[in-house]
Amino acid sequence: MHKGFTTAAVVLLLAISPVVAQTINGDVNLNRLTEAASAIGDNQLQRAEEILNAVLAMSPRDADALNLLGVVRAKQNRPAEAERLFRRAISSLPSHAGAHINLAELLLSNNKTAEALPVLLRAHKLAPERAEITLKLAAVLADLKRTEELKALASDFRQASAAEPEVQAEFALLLARSGFNEEALGILETARQNASASFPVLYGLGVVTAGLKQYDKAEEHLTAALAIKPDDVATLRALARVARANGNLEKALSHLVAARRVAPNSAAVLYDFGVTALRMDLVLDALPVFERLHGEYAREPAYLYALAAAHWTKGEVVETTRLMNEYVALQPRDPSGLYLLGAALLRQDRIPEAQAALQRSLSLKADPGTEYLLGVSLEKSNNRAAALNTFRRVVQSRPNHAAAHAALGAAYREAGNLADARAELERAIQLDPDDLRANYQLGLVYAKLGEPEAAKKMFDRADELRKRQRDQERVILKLVDPPQP
């Protein structure tokens with residue numbers, strides 16, 4: 001998560017410690033240190049190093065000089081030396097906030113998050129008014145999932161902060177990412193009182209209210225943010241997420257089309273676009289997007305899974321199986337991967353392999369959908385008693401699972417239990433009137449029960465559904481033209 005030593009750290013050092021002015025050579029050192037800091041800012045590292053070495057020759061324990069030389073070493077990609085210099089600066093002057101934050105930044109850039117935490121806590125104690133330290137500390141607490149400490153920091157921040165609204169918005173988003181949406185909302189509402197037209201505040205309000213499932217408010221805030229920055233990709237993606245949550249996939253796709261115009265090579269935008277298109281059955285639009293992402297990021301599991309899902313939607317089960325075998329090799333303990341692999345194998349009537357994948361998935365996570373497919377596999381292998389029991393378990397754990405009611409009804413019909421078959425199939429159609437299997441099977445049950453008119457109605461309905469699904473497949477896949485290169 002943490003990248004290289006950033007220029008943000010340098011900013012913290014430009015305010016030289018007031019202790020320098022109290023040393024014997026205070027005025028001289030202060031001038032030299034200011035000159036060295038300026039040279040670092042201009043990336044004149046050799047010049048800065050010469051100045052700092054001269055200062056340290058006269059004052060070996062000068063905390064500011066040690067701190068600044070540590071920055072030089074960090075920018076020269078010499079992290080071990082930089083760390084020693086920052087620690088020497090802190091040893092020389094324990095109240096040096098700049099050395100603490102630079103040491104923390106260096107540790108974070110080398111993925112030593114746990115080591116950085118106590119350094120940041122000390123920096124925050126030394127300079128609680130400095131928003132950049134508070135933000136960095138909040139990010140580390142969130143990374144380490146130290147949620148109670150993060151919540152306490154949020155309370156302190158809200159009560160004592162005189163930070164700019166933009167800083168408050170950034171802090172609020174960190175809180176929201178850790179699940180503290182209510183606390184984040186309180187900070188943002190305070191920030192909005194002083195900056196009602198601030199883009200970061202409006203964007204933050206949109207993200208946080210969406211997290212609270214207040215989708216109308218979220219859309220209102222995000223639309224206001226977009227009016228300020230019409231081409232902001234993060235805002236367009238957030239609006240698309242809100243639209244998806246509201247079930248408006250067409251609107252979601254329109255926001256993502258706009259985002260693709262602004263950022264045609266953004267993997268995140270492409271992935272969002274592909275997922276939304278796939279949910280709309282626009283497989284011919286989703287497939288090339290996922291092919292591109294998988295081509296560029298061959299070992300990224302999310303892109304591999306999405307590509308397999310696109311091939312599955314297109315009915316290409318052999319390719320789905322190949323891709324899902326790759327996915328399971330990368331993510332052997334992901335129940336979703338084993339589920340889709342099992343589904344693809346089942347579609348090819350590779351029953352034992354399908355059952356093995358589905359049972360492995362269930363061993364990792366109980367799921368009625370997976371158990372339903374296992375029941376189908378048992379049905380296909382003529383193990384009707386086991387299939388019947390499996391479908392019963394599914395409808396007990398998920399009473400609104402229409403397909404399971406249909407399968408259970410069909411199993412009862414096969415067993416000659418027409419009364420239970422009728423009840424289950426009627427329930428399946430009540431839950432999903434367009435379930436083709438349920439309509440057809442209920443027609444067979446009505447016929448057996450001597451209700452020919454009811455049976456004809458169900459058979460006609462099944463024929464209508466069969467034709468509609470074929471026509472729909474030919475039309476839906478052409479609704480959106482491929483994006484222009």
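Keep in mind that the numbers below use all heavy atoms, side chains included, and drop hydrogens, waters and symmetry copies.
- At a threshold of 4.5 Å between non-hydrogen side-chain atoms, the residues His221 and Asp216 do not count as touching.
- A donor-acceptor distance shorter than 3.5 angstrom exists from the side chain of Ser381 to the backbone of Leu378, with no hydrogens or angles considered.
- With 3.5 Å as the limit, one finds no donor-acceptor pair spanning the side chains of Asn265 and Arg260.
- Side-chain contact between Asp349 and Lys380 is present, with at least one heavy-atom pair separated by less than 4.5 Å.
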- Should Gln76 and Arg73 be marked as a side chain to side chain donor-acceptor pair (under 3.5 Å) after you check the CA-CA gap, both sets of side-chain angles, and the distance that decides it? CA-CA 5 Å; Gln76 291 171 335; Arg73 292 289 181 257; 2.9 Å; yes
- For Val275 and Tyr271, run side-chain contact (heavy atoms from CB on, under 4.5 Å): C-alpha distance rounded to whole Å, both residues' side-chain angles, the deciding distance at 0.1 Å, then the answer. CA-CA 6 Å; Val275 168; Tyr271 182 75; 3.7 Å; yes
- How far apart are the C-alpha atoms of Asp420 and Arg392, what are their side-chain angles, what is the distance that settles it, and do they pass the salt bridge (charged side-chain N to carboxylate O under 4.0 Å, His left out) test? CA-CA 12 Å; Asp420 285 341; Arg392 281 180 180 146; over 6 Å; no
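- Residue Tyr440 places its OH atom among 12 or fewer non-hydrogen atoms of other residues, nucleotides or ligands, all under 6.0 Å distant.
- Side-chain N/O atoms of Arg427 and Asn400 include a donor and acceptor closer than 3.5 Å.
- Asp367 contributes a side-chain N or O that, together with a main-chain N or O of Gly369, makes up a donor-acceptor pair within less than 3.5 Å.
- Summarising the geometry of Arg360 relative to Val328, their closest heavy-atom pair is NH2-CG1, 4.1 Å, with the distance given to 0.1 Å.
- Closest heavy-atom contact between Glu371 and Leu362: N-CD2, 4.0 Å.
- Separating the CG atom in Leu345 from the CD atom in Gln355 is a distance of 11.0 Å, to the nearest 0.5 Å.
- Closest approach of Leu222 and Val207 over heavy atoms only: CD2-N, 4.4 Å.
- Without hydrogens or angle criteria, His405 side chain to Pro399 main chain gives a donor-acceptor distance under 3.5 Å.
- With sequence neighbours left out, the ring-ring contact (aromatic ring centres under 6.0 Å, His included) criterion links Phe199 to no other residue.
- Heavy-atom contacts from other residues, nucleotides or ligands closer than 6.0 Å to CZ of Arg333 number 12 or fewer.
- One distance of note links CD of Glu379 with CG of Leu408; it measures 10.0 Å at 0.5 Å rounding.
- Here the closest non-hydrogen pair linking Leu226 and Asp232 is CD1-O, 4.2 Å.
- Considering only heavy atoms from C-beta on, Leu85 stays 4.5 Å or farther from Arg87 through its side chain.
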- Hey, mind stepping through Leu338 and Leu358 against side-chain contact (heavy atoms from CB on, under 4.5 Å) and telling me if it holds? CA-CA 6 Å; Leu338 290 161; Leu358 294 167; over 6 Å; no
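- A 4.5 Å side-chain heavy-atom check between Glu81 and Arg84 finds at least one atom pair inside the cut-off.
- With hydrogens and angles left out, the side-chain atoms of Arg322 and Asn325 include no donor and acceptor closer than 3.5 Å.
- Ion pairing between Glu414 and Arg384 holds under the 4.0 Å rule for side-chain N and carboxylate O.
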- Task: Could you give me the CA-CA distance, side-chain angles and deciding distance for Phe290 and Tyr303, then say whether ring-ring contact (aromatic ring centres under 6.0 Å, His included) is met?
- Result: CA-CA 6 Å; Phe290 293 138; Tyr303 300 156; 8.0 Å; no
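- Side-chain contact between Leu108 and Lys136: present, with at least one pair of heavy atoms (C-beta onward) separated by less than 4.5 Å.
- Side-chain atoms of Arg146 and Leu117, non-hydrogen and from C-beta on, do get closer than 4.5 Å to each other.
- A donor-acceptor contact shorter than 3.5 Å links the side chain of Gln348 to the backbone of Ala344.
- Looking at Asn110, its side chain never comes within 3.5 Å of a backbone N or O of Lys112 through a donor-acceptor pair.
- Using bins of under 30°, 30° to 60° and over 60° for the plane-to-plane angle, the ring pair Tyr327/Tyr305 lands in the perpendicular bin.
- The distance from the CG atom of Leu341 to the OG atom of Ser336 is 12.5 Å, given to the nearest 0.5 Å.
- Side-chain contact check for Gln168 and Thr190: no donor-acceptor pair (N or O, by modelled atom type) lies under 3.5 Å.
- Put simply, the side chain of Glu189 reaches to within 4.5 Å of the side chain of Leu185, judged on heavy atoms.
- Not one N or O on the side chain of Glu164 forms a donor-acceptor pair closer than 3.5 Å with the backbone of Glu166.
- With 3.5 Å as the limit, one finds a donor-acceptor pair spanning the side chains of Arg244 and Thr276.
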- Message: Using salt bridge (charged side-chain N to carboxylate O under 4.0 Å, His left out), reason through Glu220 and Lys217 one step at a time and then give a plain yes or no.
- Response: CA-CA 5 Å; Glu220 177 187 336; Lys217 287 185 178 180; over 6 Å; no
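- Rounding to the nearest 0.5 angstrom, the gap separating the CD atom in Gln214 from the CG atom in Leu205 is 10.5 Å.
- Counting only distance, with no hydrogens or angles, the side chain of Ser361 and the backbone of Pro335 share a donor-acceptor pair below 3.5 Å.
- Within the 4.5 Å cutoff, side-chain heavy atoms of Asp463 are placed close to those of Arg466.
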- Verify side-chain contact (heavy atoms from CB on, under 4.5 Å) between Thr134 and Glu132, making sure each step is shown before the conclusion. CA-CA 5 Å; Thr134 304; Glu132 68 273 22; over 6 Å; no
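- The nearest pair of heavy atoms linking Ala218 to Ala210 is CB-N, 3.6 Å.
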- Task: Apply side-chain contact (heavy atoms from CB on, under 4.5 Å) to the pair Arg393 and Thr390, showing each step before the final yes or no.
- Result: CA-CA 5 Å; Arg393 285 196 301 273; Thr390 302; 3.3 Å; yes
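- Without hydrogens or angle criteria, Asn439 side chain to Asp435 main chain gives a donor-acceptor distance under 3.5 Å.
- Under the 3.5 Å distance criterion, the side-chain polar atoms of Thr223 are matched with a main-chain donor or acceptor of Glu219.
- Interatomic distance, Glu326 CD to Leu307 CG, rounded to the nearest 0.5 Å: 9.0 Å.
- Smallest separation of non-hydrogen atoms from Val445 and Leu418: CG1-O, 4.0 Å.
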